[in-house]
K.L.:
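The structure under discussion is supplied below as structure tokens; questions concerning it will follow.
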Amino acid sequence: YGVDLNWFKPEGTHRSANGPLRLLFVGTVSQRKGVKYLVDALESLPAGSAELTICGRLVDDVRILRGRRAPVHVRAFVNAGDLLREMQSSDLFVFPSLAEGFGHVLLEAMACGLPVIGTTRTAAPDLIQDGCEGFLTEPGSVPDLVRCIERFLHNRSAQRKMGMASRARAEEFSWGAFRRKLAAAVREMVAGRP
């Protein structure tokens with residue numbers, strides 16, 4: 001797929017290296033999305049070192065978020081402008097899904113200059129090179145999530161570098177590029193080439 005690179009883009013100012021690391025998850029909150037594991041990972045980090053914003057509708061039991069000491073902010077309904085501002089003001093996009101199709105939000109976050117932590121059962125392995133635009137984790141692995149988030153906590157300059165690499169990678173996935181690749185595939189099929 002593609003992404004609108006003119007809409008989804010970095011804010012233009014550097015994110016602050018002070019304060020908690022701002023994590024973002026976008027999607028419906030259900031068991032399949034792995035949000036429970038992300039919140040568990042957040043609670044394993046030093047108090048005050050990171051906070052999580054969830055943009056998405058709660059489908060499963062909200063009790064997975066209640067009574068937690070980790071700061072989790074839920075925005076169940078956001079419009080396109082609010083979502084863009086959340087992406088532009090976050091430090092890191094985390095997509096801990098246990099199983100997922102393409103997950104278009106990965107490209108949108110990358111286009112906004114966010115490094116990505118994604119699982120091996122999403123489109124993340126197709127979009128990011130582990131250690132370049134972000135990190136790949138095993139689904140359901142709280143230790144993997146903690147390890148990856150801590151790498152950003154201890155090296156904020158790596159976060160900025162990976163964010164720039166994410167934007168550069170997203171630029172390979174414009175809607176124009178998608179249309180060109182789709183047209184080329186159709187031409188090859190019509191011509192009888194595999």
K.L.:
Does R169 have any salt bridge (charged side-chain N to carboxylate O under 4.0 Å, His left out) partners at least two apart in sequence or in another chain, and if so, which?
P.N.:
E172

K.L.:
Would you please classify the geometry between the H104 ring and the F102 ring as parallel, tilted or perpendicular, with 30° and 60° separating the classes?
P.N.:
tilted

K.L.:
Taking side-chain hydrogen bond (donor to acceptor under 3.5 Å, both in side chains) as the cut-off, I'd like each qualifying pair that reaches into residues 124-135, sequence neighbours left out, listed once.
P.N.:
none

K.L.:
Could I get the full list of side chain to side chain contact (heavy atoms under 4.5 Å, CB included) partners for P143, not counting sequence neighbours?
P.N.:
S141

K.L.:
Sequence neighbours left out, what passes salt bridge (charged side-chain N to carboxylate O under 4.0 Å, His left out) with E86? Give chain and number order.
P.N.:
R75

K.L.:
Quick one: side-chain hydrogen bond (donor to acceptor under 3.5 Å, both in side chains) partners of S166, sequence neighbours excluded?
P.N.:
none

K.L.:
Would you please name every residue forming a side chain to side chain contact (heavy atoms under 4.5 Å, CB included) with S44, sequence neighbours left out?
P.N.:
V142, V146

K.L.:
Which residues pass the salt bridge (charged side-chain N to carboxylate O under 4.0 Å, His left out) test with R151, sequence neighbours left out?
P.N.:
none

K.L.:
Just grab all the salt bridge (Lys or Arg N to Asp or Glu O under 4.0 Å) pairs involving residues 98-119, residues at least two apart or on different chains.
P.N.:
R32-E100, K33-E100

K.L.:
Quick one: list whatever passes salt bridge (charged side-chain N to carboxylate O under 4.0 Å, His left out) with E43, sequence neighbours left out.
P.N.:
R68

K.L.:
Quick one: list whatever passes side chain to side chain contact (heavy atoms under 4.5 Å, CB included) with P20, sequence neighbours left out.
P.N.:
E51

K.L.:
Please determine whether side-chain contact (heavy atoms from CB on, under 4.5 Å) holds for the pair K9 and L5, giving the CA-CA distance in whole Å, both sets of side-chain angles, and the decisive distance to 0.1 Å.
P.N.:
CA-CA 6 Å; K9 59 186 176 187; L5 295 167; over 6 Å; no

K.L.:
Just to verify, what does N155 make a side chain to side chain contact (heavy atoms under 4.5 Å, CB included) with, not counting sequence neighbours?
P.N.:
S157, A158

K.L.:
Does anything in residues 112-138 pair up under ring pair (Phe, Tyr, Trp, His ring centres under 6.0 Å), and if so which pairs, sequence neighbours excluded?
P.N.:
F135-F152

